[in-house]
Amino acid sequence: MTLQETLELQVKAAIKALFQSELKTVEFQATRKEFAGDVTVVVFPMLRVVKGNPAVIGEQVGQYLLDNVEVVKGFNVVKGFLNIEISDSYYLEFFQSIKDKSNFGFADQRDDTAIMVEYSSPNTNKPLHLGHVRNVLLGYSVAEILKASGKKVYKTQIINDRGIHICKSMLAWQRFGNGETPSSTGLKGDKLVGNYYVKFDQEYKSEIAKLVAQGQSEEEAKKNAPLLLEAQQMLIKWEAGDEDVVALWKKMNQWVYDGFDVTYKNIGVDFDTYYYESDTYLLGKEFVAEGLNSGVFFKKEDGSVWCDLTDDGLDEKIVLRSDGTAVYMTQDIGTAIQRIKDYPDVGGMVYTVGNEQDYHFKVLFLILKKLGFEWAKNLFHLSYGMVDLPSGKMKSREGTVVDADDLVQEMTDTAEEISNELGKLEDYSTDEKQTLYKTIGLGALKYYILKVDPKKRILFDPKESIDFQGNTGPFIQYTYARIQSILRKANVDENVTLSTVDVSLHDKEKQLIKQLELFPEVIQNAAEQHSPALIANYTYDLVKEFNSFYQNVSILGADSDEEKNFRVGLSKSVSQTIKNAFQLLGIGVPERM
RNA sequence: GGUCGCAUAGCUCAGCUGGAUAGAGCACCUGCCUUCUAAGCAGGCGGUCCUAGGUUCGAAUCCUAGUGCGAUCACCA
């Protein structure tokens, strides 16, 4: 039983004994620093059940707790707040119970029903950019957090590998590529293909300009440009299974996949399984046909198939074009169903997708419910805000994107510069240094993105580099490294331990233990809210508390061996917790920096 | 226009199911490296919590209306 659970029972007992009344809930909060005490009970809500002066009630309840609860060693009442002082031995015992747990905070898997988390839904016609980076970091972290909260998790992605946009880069390569390949040019495959996507757009625009000059309207020209017509032809050929087109499609997509793999590895994320739209859109069509039979969908005169959602306060939504081809919704229906077929233990899914698609997912989930899938009620759209540049939205075609690989490299370079200035790593080998720069640079980037509430948009200014001081990844990594340094020098005798009775904890020590105590609950909260930001903020608070302890209390120079060993152990637990928390954010921790 | 989201210090952000005098970091100013790593610590400066009503013993937090910004409402994805 946790301290709070114990106190809750006892407060209820107090109210029953003193006022013969039943209290449903008790409201707790951490005692503010300016008052004496550790835990505070708010008296005001009790006034609904017990009539009287809150200060007097507080006094009476406080006295009851003092008399009946061993760990309560004092109390004071300020206005309607009952501040309870907890004995140091309680905190010491708690610390003893967790100090050797390397997985402190993580719950055991206690649920056979798995959750599938989807993140990264790239188009295979251009490289990954900063927007994808937020998506990937968020999804990966939420997956790790769900695992740590006791869930079984599959990490997956959906790859948007078909459609007109893919044909555009294929066509441009065919037309202007002169047989270029990643190996002939030394370019990453995704970059190479992305160049031809841009090339298509340029050529397309100049064709439009030509047609406009010949007297066509802008609108006509956009539809009639030969390049676009050719791309559309190519799509039709693809859908018909034309050998040459399919071969080209396979070849170029493979270049892109190889490039993506490098980027994912670079960022440090992975997947358990992959889904391709080209594999699932047909299944979607099947279920549209089935839904048509069962009356979930209806067909319009032109042959297009729709779902009427007006009763649910939404509009009608198309699920199949009049020419019978699949739309986005069709393949998403197919993908969802395919996943449950492949992994029958999956009982719910999390889709990490930007908030521009809020409406799409609202509709998708509703349609899956209407189709009668039990698991449809456990679908969650992890909707996150866009990453914008000072100049506005990023646009691949116009080249105004922050490339993912470049970004990681820049962060690594910055870490190197700062490290060199500080000059603490003279004895490190080149390899060790490079690994460390990467850890720090990625730590800065990931923390910067994950510490903000997912639903808020991020304004990223490439000119103002990401900080390495204050509330940042490197600051937290630095604290970890500092603790490792102490552990290397500590030389403690495991047999010498602090007695749990008759000890007096330093205020900073107690604050640290209290902060550690919160970790398991923070993980549960973060899982429920799908928010890595809660983990980031918790870790920052823990580290700030530790640095204050470190700077104000001598660890290795403690008065006695018992005290020294305790402080070393406490530091070790803090570093273990930092490591565990950062693991949930996908951030590594260095032994030195 | 309908719907959804956001609005807190000069800037970037916390603020849990409503609770005490709204907190951090950056920037700016003051101190602290002969002591465990100064990517640090201690302190200072800085607020009509977008506005107006309402609910409540009590509102940054909940409700209503409005303002601003963004997204969305495609036989695009």
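Note on naming: letters A, B, ... go to the chains in the order of the sequence lines (proteins, then strands), and numbering restarts at 1 for each one.
Residue Ser419(A) is in base contact, counting any heavy-atom pair closer than 4.0 Å across all strands shown. Note on Tyr359(A): only backbone sugar-phosphate atoms sit closer than 4.0 angstrom, heavy atoms only; bases stay farther off. Within 4.0 Å (heavy atoms only), Asp453(A) reaches sugar-phosphate atoms of the nucleic acid but no base atom. Residue contacts for Asn83(A): at a heavy-atom cut-off of 4.0 Å it reaches a base atom on one of the strands shown. No engagement by Glu34(A) is indicated, since no non-hydrogen atom pair under 4.0 Å with the nucleic acid exists. Base contact: Pro45(A) has a heavy atom under 4.0 Å from a base atom. When heavy atoms are screened at a 4.0 angstrom cut-off, Ser121(A) is found touching no nucleic acid atom at all. Within the nucleic acid shown, Leu47(A) has no heavy atom closer than 4.0 Å to any nucleic acid atom.
Here the separation of C63(B) from G44(B), taken at their P atoms, is 37 Å to the nearest Å. C45(B) and C11(B) have their C1' atoms separated by 16 Å, with the value rounded to a whole Å. Of the C1' atoms belonging to U48(B) and A7(B), the separation is 15 Å, rounded to the nearest Å. Only the P atoms considered, G19(B) is 11 Å distant from A59(B), to the nearest whole Å. Comparing the same atom, C1', in C62(B) and in G68(B) gives a spacing of 22 Å after rounding to whole Å. Between the C1' atoms of A42(B) and C6(B), the separation comes to 37 Å (whole Å).
Here Ser548(A) reaches the OP1 or OP2 of A42(B): one of its side-chain N or O atoms lies under 4.0 Å away. Not one side-chain nitrogen or oxygen of Arg162(A) sits closer than 4.0 Å to the OP1 or OP2 atom of A77(B). Contact annotation: Lys456(A) side-chain N/O to A71(B) OP1/OP2 distance is not under 4.0 Å.
Around the CD atom of Glu34(A), the shell of radius 6.0 Å holds more than 12 heavy atoms that belong to other residues, nucleotides or ligands. Around CD of Glu316(A), the count of heavy atoms belonging to other residues, nucleotides or ligands within 6.0 Å exceeds 12. Residue-environment remark: NZ (Lys433(A)) exceeds the threshold of 12 foreign heavy atoms within 6.0 Å. The neighbour count for Lys223(A) NZ, taken as heavy atoms of other residues, nucleotides or ligands under 6.0 Å away, does not exceed 12. More than 12 heavy-atom neighbours from other residues, nucleotides or ligands sit within 6.0 angstrom of NZ on Lys12(A).
Listed candidates were A77(B), G19(B), A74(B). Nearest to the side chain of Ile318(A) is A74(B). Taking every side-chain heavy atom of Lys79(A) into account, A20(B) is the closest of A71(B), A77(B), A20(B). Checked against C41(B), A77(B), C26(B), the side chain of Lys544(A) finds its nearest nucleotide in C41(B). Residue Phe475(A) has its side chain nearest to C41(B) when only A42(B), C41(B), C4(B) are considered. Considering only the side chain of Phe35(A), A20(B) comes nearest among A20(B), A77(B), U3(B). The side chain of Asn537(A) lies closest to A14(B), out of A14(B), C41(B), A77(B).
Stacking of Phe44(A) onto the six-membered ring of G19(B) is present: less than 5.5 angstrom between centres, less than 30° between planes. Under the stacking definition used here (centres under 5.5 Å, planes under 30°), the residue Phe81(A) qualifies as stacked on the base of A20(B).
Residue Gln469(A) is the one, among Ser304(A) and Gln469(A), whose nearest nucleotide of RNA chain B lies closer to the 5' end (criterion: closest heavy atom).
Note on ring orientation: taking the six-membered ring where Trp is involved, the planes of Phe460(A) and Tyr448(A) are perpendicular (angle over 60°, cut-offs 30° and 60°). By the 30° and 60° cut-offs, the orientation of the rings of Tyr351(A) relative to Phe365(A) is tilted. The aromatic rings of Phe546(A) and Tyr550(A) sit tilted relative to each other, their planes meeting at an angle between 30° and 60°.
Listed by first and then second residue, the side-chain hydrogen bond (donor to acceptor under 3.5 Å, both in side chains) pairs that reach into residues 36-59 of chain A are Thr31(A)-Thr40(A), Asp38(A)-Lys510(A), Asp38(A)-Lys514(A), Thr40(A)-Asn83(A), sequence neighbours excluded. Within the structure, side-chain hydrogen bond (donor to acceptor under 3.5 Å, both in side chains) contacts touching residues 536-546 of chain A (residues at least two apart or in different chains) do not occur.
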Report, one pair per line, the protein and nucleotides 58-63 of chain B atoms (nitrogen or oxygen only) whose separation is under 3.5 Å.
none

Below 3.5 Å is the cut-off: list the nitrogen or oxygen pairs between protein and nucleotides 35-37 of chain B, distance only.
from	atom 1	to	atom 2	distance (Å)
C36(B)	O3'	Lys489(A)	NZ	3.0
C36(B)	O2	Leu556(A)	N	3.0
C36(B)	N3	Ile555(A)	N	3.1
C36(B)	N4	Tyr550(A)	O	2.3
C36(B)	N4	Val553(A)	O	2.8
U37(B)	OP1	Ser485(A)	OG	2.7
U37(B)	OP2	Ser485(A)	OG	3.3
U37(B)	OP2	Lys489(A)	NZ	2.6
U37(B)	O2'	Tyr478(A)	OH	2.2
U37(B)	O2'	Arg482(A)	NE	3.1
U37(B)	O2	Lys424(A)	NZ	2.6
U37(B)	O2	Met593(A)	O	3.4
U37(B)	N3	Met593(A)	O	2.8
U37(B)	O4	Met593(A)	N	3.1

>> Could you go through Leu436(A) and Glu432(A), starting from their C-alpha distance and side-chain angles, then the distance that decides it, and tell me whether this counts as side-chain contact (heavy atoms from CB on, under 4.5 Å)?
In response: CA-CA 6 Å; Leu436(A) 180 63; Glu432(A) 283 172 320; over 6 Å; no
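One N or O on the side chain of Asp323(A) and one on the backbone of Thr325(A) form a donor-acceptor pair closer than 3.5 Å.
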> If you write RNA chain B from 5' to 3' in dot-bracket form, with Watson-Crick or G-U pairs under 3.5 Å, [ ] for crossing pairs and | for pairs with another strand, what do you get?
Replying inline: (((((((..((((.....[...)))).(((((.......))))).....(((((..]....))))))))))))....
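Cation-pi check for Arg134(A) over Tyr384(A) is not met; the charged atom does not lie both under 6.0 angstrom from the ring centroid and within 45 degrees of its normal.
Residues from residues 518-529 of chain A lying near RNA chain B, meaning a heavy-atom separation below 4.0 Å, are absent.
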